[in-house]
Amino acid sequence: MLGLWLAIIATAPPTELADAAALPEGEEVTLIAERLLHDGKKDLTTAEGKAKLTSAGIAVDAERIVYDQQRNVVTAVGHVVARLVRSGKIGITSDVLTLVLDEHRQVEDVYLYDGRAISKKDVSTEKFLAASTAEALEKTGTTQTILEGNHLKCEPNGWRIEALELVPCECDFVHPSWSITSSSAVVDTEHDRVSITNPVVRVKNVPILWLPGLSLPMTSRFRGIDTREAL
(Lines give C-alpha, C1' and ligand atoms only; values in the text may rest on other atoms or scores of the structure.)
Protein backbone atom coordinates (compact mmCIF):
# COMPACT_ATOMS: atom_id res chain seq x y z
CA MET A 1 0.00 0.00 0.00
CA LEU A 2 1.35 3.38 -0.95
CA GLY A 3 2.08 5.68 1.97
CA LEU A 4 0.53 9.11 2.18
CA TRP A 5 3.14 11.84 1.76
CA LEU A 6 2.58 15.02 3.71
CA ALA A 7 4.61 18.20 3.98
CA ILE A 8 4.82 21.12 6.35
CA ILE A 9 6.75 24.36 5.99
CA ALA A 10 7.90 25.93 9.24
CA THR A 11 8.20 29.69 9.09
CA ALA A 12 9.22 32.24 11.66
CA PRO A 13 6.66 33.47 14.22
CA PRO A 14 5.16 36.96 13.60
CA THR A 15 7.50 38.57 16.14
CA GLU A 16 10.49 37.35 14.15
CA LEU A 17 9.02 38.28 10.78
CA ALA A 18 8.76 41.87 11.93
CA ASP A 19 12.53 42.03 11.68
CA ALA A 20 13.40 41.43 8.03
CA ALA A 21 17.00 40.53 8.93
CA ALA A 22 16.02 37.83 11.42
CA LEU A 23 15.09 35.26 8.79
CA PRO A 24 16.42 35.76 5.24
CA GLU A 25 14.13 34.73 2.41
CA GLY A 26 14.35 31.03 1.57
CA GLU A 27 15.54 29.98 5.03
CA GLU A 28 12.33 28.16 5.99
CA VAL A 29 12.43 24.54 7.15
CA THR A 30 10.42 21.98 5.16
CA LEU A 31 9.42 18.53 6.45
CA ILE A 32 7.94 15.74 4.34
CA ALA A 33 7.05 12.23 5.50
CA GLU A 34 4.39 9.53 5.40
CA ARG A 35 3.01 10.75 8.74
CA LEU A 36 3.21 14.21 10.31
CA LEU A 37 2.07 15.37 13.74
CA HIS A 38 2.26 19.04 14.66
CA ASP A 39 1.83 20.48 18.15
CA GLY A 40 0.95 24.12 17.51
CA LYS A 41 1.19 25.10 21.15
CA LYS A 42 4.79 23.89 21.45
CA ASP A 43 5.72 24.49 17.78
CA LEU A 44 6.86 20.86 17.68
CA THR A 45 6.58 18.79 14.50
CA THR A 46 7.17 15.04 14.32
CA ALA A 47 7.72 13.37 10.94
CA GLU A 48 7.69 9.56 10.66
CA GLY A 49 8.19 7.22 7.72
CA LYS A 50 10.77 8.24 5.11
CA ALA A 51 11.11 11.59 6.80
CA LYS A 52 13.03 14.38 5.09
CA LEU A 53 13.93 17.84 6.41
CA THR A 54 15.36 20.53 4.17
CA SER A 55 16.42 24.12 4.66
CA ALA A 56 19.01 26.40 3.09
CA GLY A 57 22.20 24.34 2.99
CA ILE A 58 20.70 21.46 5.02
CA ALA A 59 19.16 18.12 4.00
CA VAL A 60 18.38 15.31 6.46
CA ASP A 61 16.79 11.91 5.75
CA ALA A 62 15.81 9.50 8.55
CA GLU A 63 13.12 7.17 9.77
CA ARG A 64 11.90 9.80 12.25
CA ILE A 65 12.61 13.54 12.55
CA VAL A 66 11.43 15.90 15.29
CA TYR A 67 11.72 19.64 14.70
CA ASP A 68 11.43 21.93 17.72
CA GLN A 69 10.79 25.33 16.14
CA GLN A 70 10.89 27.24 19.44
CA ARG A 71 14.36 25.93 20.33
CA ASN A 72 15.57 25.58 16.70
CA VAL A 73 16.60 21.96 17.34
CA VAL A 74 16.29 19.05 14.90
CA THR A 75 16.52 15.45 16.15
CA ALA A 76 16.72 12.61 13.61
CA VAL A 77 16.58 8.89 14.48
CA GLY A 78 17.14 5.75 12.41
CA HIS A 79 19.39 5.44 9.34
CA VAL A 80 20.17 9.14 9.43
CA VAL A 81 21.87 10.69 6.40
CA ALA A 82 22.55 14.43 6.67
CA ARG A 83 24.22 16.79 4.21
CA LEU A 84 25.46 20.20 5.34
CA VAL A 85 27.00 22.81 3.05
CA ARG A 86 27.80 25.51 5.58
CA SER A 87 31.61 25.82 5.86
CA GLY A 88 32.32 23.13 3.30
CA LYS A 89 30.42 19.98 2.31
CA ILE A 90 30.00 17.66 5.31
CA GLY A 91 28.01 14.41 5.01
CA ILE A 92 26.92 12.57 8.16
CA THR A 93 25.62 9.05 8.72
CA SER A 94 24.39 8.15 12.19
CA ASP A 95 21.80 6.30 14.26
CA VAL A 96 20.86 9.47 16.14
CA LEU A 97 21.61 13.04 15.11
CA THR A 98 20.81 16.40 16.70
CA LEU A 99 21.25 19.71 14.88
CA VAL A 100 21.19 23.00 16.75
CA LEU A 101 20.29 25.88 14.42
CA ASP A 102 20.91 29.61 14.79
CA GLU A 103 18.32 32.38 14.29
CA HIS A 104 18.84 32.14 10.52
CA ARG A 105 18.24 28.37 10.60
CA GLN A 106 21.87 27.60 9.82
CA VAL A 107 23.64 24.77 11.64
CA GLU A 108 25.65 25.77 14.72
CA ASP A 109 26.21 22.42 16.46
CA VAL A 110 25.97 18.78 15.44
CA TYR A 111 25.66 15.97 17.99
CA LEU A 112 25.79 12.40 16.74
CA TYR A 113 25.59 8.92 18.24
CA ASP A 114 27.25 5.94 16.57
CA GLY A 115 28.03 7.86 13.41
CA ARG A 116 30.67 9.60 11.35
CA ALA A 117 31.15 12.72 9.29
CA ILE A 118 32.68 12.80 5.82
CA SER A 119 34.31 15.83 4.22
CA LYS A 120 33.56 15.89 0.48
CA LYS A 121 34.87 17.78 -2.55
CA ASP A 122 34.54 17.68 -6.36
CA VAL A 123 30.73 17.62 -6.26
CA SER A 124 28.10 20.27 -6.91
CA THR A 125 25.97 21.51 -4.03
CA GLU A 126 22.81 20.28 -5.75
CA LYS A 127 24.13 16.76 -6.25
CA PHE A 128 25.59 16.61 -2.75
CA LEU A 129 22.31 17.63 -1.08
CA ALA A 130 20.45 15.06 -3.22
CA ALA A 131 22.53 12.12 -1.86
CA SER A 132 19.80 10.85 0.48
CA THR A 133 21.24 7.39 1.31
CA ALA A 134 24.51 6.29 2.89
CA GLU A 135 25.47 4.51 -0.34
CA ALA A 136 24.78 7.56 -2.48
CA LEU A 137 26.68 9.80 -0.08
CA GLU A 138 29.68 7.46 -0.17
CA LYS A 139 29.80 7.55 -3.98
CA THR A 140 29.23 11.28 -4.35
CA GLY A 141 32.29 13.38 -5.16
CA THR A 142 35.67 12.70 -3.54
CA THR A 143 36.08 11.88 0.14
CA GLN A 144 38.81 13.99 1.72
CA THR A 145 38.63 12.83 5.31
CA ILE A 146 36.48 10.69 7.58
CA LEU A 147 35.79 12.16 11.00
CA GLU A 148 34.40 9.98 13.75
CA GLY A 149 33.40 12.11 16.73
CA ASN A 150 30.42 12.99 18.89
CA HIS A 151 30.22 16.79 18.52
CA LEU A 152 30.90 19.12 15.61
CA LYS A 153 30.68 22.90 15.97
CA CYS A 154 30.54 25.19 12.97
CA GLU A 155 33.25 27.85 12.78
CA PRO A 156 33.81 30.61 10.19
CA ASN A 157 36.23 28.53 8.08
CA GLY A 158 35.17 24.99 8.97
CA TRP A 159 34.31 22.72 11.88
CA ARG A 160 35.62 21.95 15.38
CA ILE A 161 35.31 18.27 16.30
CA GLU A 162 35.42 16.66 19.75
CA ALA A 163 36.42 13.04 20.50
CA LEU A 164 37.94 12.63 17.06
CA GLU A 165 39.17 9.67 15.04
CA LEU A 166 40.48 10.86 11.69
CA VAL A 167 41.33 8.98 8.51
CA PRO A 168 43.20 11.81 6.77
CA CYS A 169 43.97 10.64 3.24
CA GLU A 170 42.19 9.45 0.13
CA CYS A 171 42.85 5.76 0.68
CA ASP A 172 40.83 2.81 1.99
CA PHE A 173 38.36 4.56 4.30
CA VAL A 174 36.47 1.34 5.06
CA HIS A 175 39.52 -0.52 6.37
CA PRO A 176 42.20 2.15 6.90
CA SER A 177 45.73 1.03 7.66
CA TRP A 178 46.22 3.98 9.98
CA SER A 179 44.34 6.82 11.65
CA ILE A 180 44.74 9.66 14.13
CA THR A 181 42.81 10.03 17.38
CA SER A 182 42.48 13.19 19.43
CA SER A 183 40.27 14.96 21.95
CA SER A 184 39.70 17.84 19.53
CA ALA A 185 40.55 19.13 16.05
CA VAL A 186 39.62 21.91 13.65
CA VAL A 187 38.82 21.12 10.02
CA ASP A 188 39.53 24.22 7.92
CA THR A 189 37.46 23.56 4.81
CA GLU A 190 38.43 26.90 3.25
CA HIS A 191 42.15 26.03 3.20
CA ASP A 192 41.77 22.20 3.14
CA ARG A 193 43.65 21.59 6.39
CA VAL A 194 43.09 19.76 9.67
CA SER A 195 44.68 21.11 12.88
CA ILE A 196 44.77 18.48 15.64
CA THR A 197 45.43 18.89 19.36
CA ASN A 198 47.38 16.12 21.16
CA PRO A 199 47.13 13.66 18.25
CA VAL A 200 47.91 9.98 18.64
CA VAL A 201 48.89 8.18 15.42
CA ARG A 202 47.62 4.60 15.24
CA VAL A 203 48.68 1.88 12.80
CA LYS A 204 46.28 -1.07 12.66
CA ASN A 205 44.63 0.54 15.71
CA VAL A 206 47.90 0.34 17.71
CA PRO A 207 49.17 3.70 19.09
CA ILE A 208 52.72 4.37 17.86
CA LEU A 209 53.27 8.13 18.10
CA TRP A 210 52.05 11.10 20.18
CA LEU A 211 52.55 14.75 19.23
CA PRO A 212 51.51 17.97 21.00
CA GLY A 213 49.89 19.20 17.80
CA LEU A 214 49.66 18.50 14.09
CA SER A 215 48.47 20.32 10.97
CA LEU A 216 47.68 18.24 7.88
CA PRO A 217 46.52 19.12 4.36
CA MET A 218 43.32 17.49 3.09
CA THR A 219 44.57 16.95 -0.45
CA SER A 220 45.36 14.04 -2.75
CA ARG A 221 49.06 14.88 -2.36
CA PHE A 222 48.99 13.81 1.27
CA ARG A 223 50.04 10.22 1.85
CA GLY A 224 51.90 10.38 5.14
CA ILE A 225 52.84 12.63 8.04
CA ASP A 226 55.30 15.42 7.36
CA THR A 227 56.89 16.13 10.72
CA ARG A 228 57.80 19.62 9.50
CA GLU A 229 54.08 20.43 9.76
CA ALA A 230 53.81 19.45 13.42
CA LEU A 231 52.74 22.42 15.51
Side-chain angles (χ1 to χ4, degrees), residues 1-17 23-86 89-118 120 123 125-140 146-154 159 163:
M1 181 175 64
L2 293 177
L4 175 64
W5 286 85
L6 302 172
I8 187 170
I9 298 177
T11 58
T15 53
E16 291 185 15
L17 290 177
L23 187 62
E25 184 179 355
E27 298 287 339
E28 68 268 11
V29 173
T30 302
L31 271 170
I32 62 173
E34 293 176 339
R35 297 174 296 279
L36 281 173
L37 177 64
H38 181 66
D39 185 334
K41 186 176 181 179
K42 296 182 178 179
D43 279 336
L44 193 71
T45 303
T46 301
E48 295 181 335
K50 298 180 180 179
K52 177 186 288 289
L53 179 144
T54 58
S55 184
I58 304 171
V60 182
D61 289 82
E63 295 175 3
R64 184 174 186 265
I65 297 176
V66 178
Y67 175 44
D68 186 333
Q69 189 174 347
Q70 289 186 359
R71 297 170 56 227
N72 265 346
V73 173
V74 176
T75 303
V77 180
H79 300 96
V80 181
V81 180
R83 289 83 69 205
L84 312 174
V85 297
R86 185 181 187 183
K89 295 181 176 69
I90 300 294
I92 298 171
T93 57
S94 180
D95 281 346
V96 180
L97 174 73
T98 298
L99 303 179
V100 180
L101 311 181
D102 63 17
E103 67 273 16
H104 303 300
R105 289 183 170 84
Q106 293 290 320
V107 175
E108 279 190 331
D109 291 272
V110 179
Y111 297 90
L112 56 156
Y113 174 75
D114 194 16
R116 67 180 186 175
I118 305 172
K120 287 285 189 174
V123 58
T125 297
E126 182 180 6
K127 187 174 181 180
F128 176 70
L129 291 173
S132 59
T133 67
E135 293 78 11
L137 182 62
E138 188 75 25
K139 295 177 181 178
T140 298
I146 286 185
L147 312 162
E148 295 192 359
N150 54 23
H151 178 209
L152 290 78
K153 185 172 185 61
C154 188
W159 297 84

Handout entry: Residues R83 and D61 bridged, charged N to O under 4.0 Å
Key = yes
Handout entry: Under 3.5 Å donor-acceptor, N72 side chain and D102 backbone
Key =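 Yes: the side chain of N72 pairs with the backbone of D102.
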Practice task
Look at the side chain of K120 and the backbone N and O of G91, then say whether any donor-acceptor pair between them is shorter than 3.5 Å.
Solution key: no
Problem - E126, CD: over 12 other non-hydrogen atoms inside 6.0 angstrom - result: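 Counting neighbours around CD of E126, 12 or fewer heavy atoms of other residues, nucleotides or ligands fall under 6.0 Å, so no.
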Handout entry: Reference residue I65; test side chain to side chain contact (heavy atoms under 4.5 Å, CB included); the match among V74, L36, V80
Key = V74
Fill in the blank from the handout: Which of V60, V81, L112 passes side chain to side chain contact (heavy atoms under 4.5 Å, CB included) with I92? Answer is L112
If you compare all heavy atoms of [X] against all heavy atoms of [Y], which two are closest, and at what distance to 0.1 Å?
X    : Y    : answer
S55  : R105 : OG-O, 3.9 Å
E138 : I118 : OE1-CD1, 4.0 Å
K52  : S132 : NZ-CB, 4.0 Å

Atom [atom1] of [X] and atom [atom2] of [Y]: how far apart are they, to the nearest 0.5 Å?
X    : Y    : atom1 : atom2 : result
I58  : L101 : CD1   : CG    : 5.0 Å
T133 : H79  : OG1   : NE2   : 11.5 Å
Q106 : L99  : CD    : CG    : 11.5 Å
Y67  : T30  : OH    : OG1   : 10.0 Å
R86  : W159 : CZ    : CH2   : 7.5 Å
D95  : Y113 : CG    : OH    : 7.5 Å

Handout entry: Close side-chain approach of R116 to T93, heavy-atom, < 4.5 Å
Key = yes
Problem - Residue list, side-chain hydrogen bond (donor to acceptor under 3.5 Å, both in side chains) with E108, at least two apart or on another chain - result: none
Problem - Test ring pair (Phe, Tyr, Trp, His ring centres under 6.0 Å) applied to F128 - qualifying residues, sequence neighbours left out - result: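 Counting only residues at least two positions away or on another chain, F128 forms no ring pair (Phe, Tyr, Trp, His ring centres under 6.0 Å).
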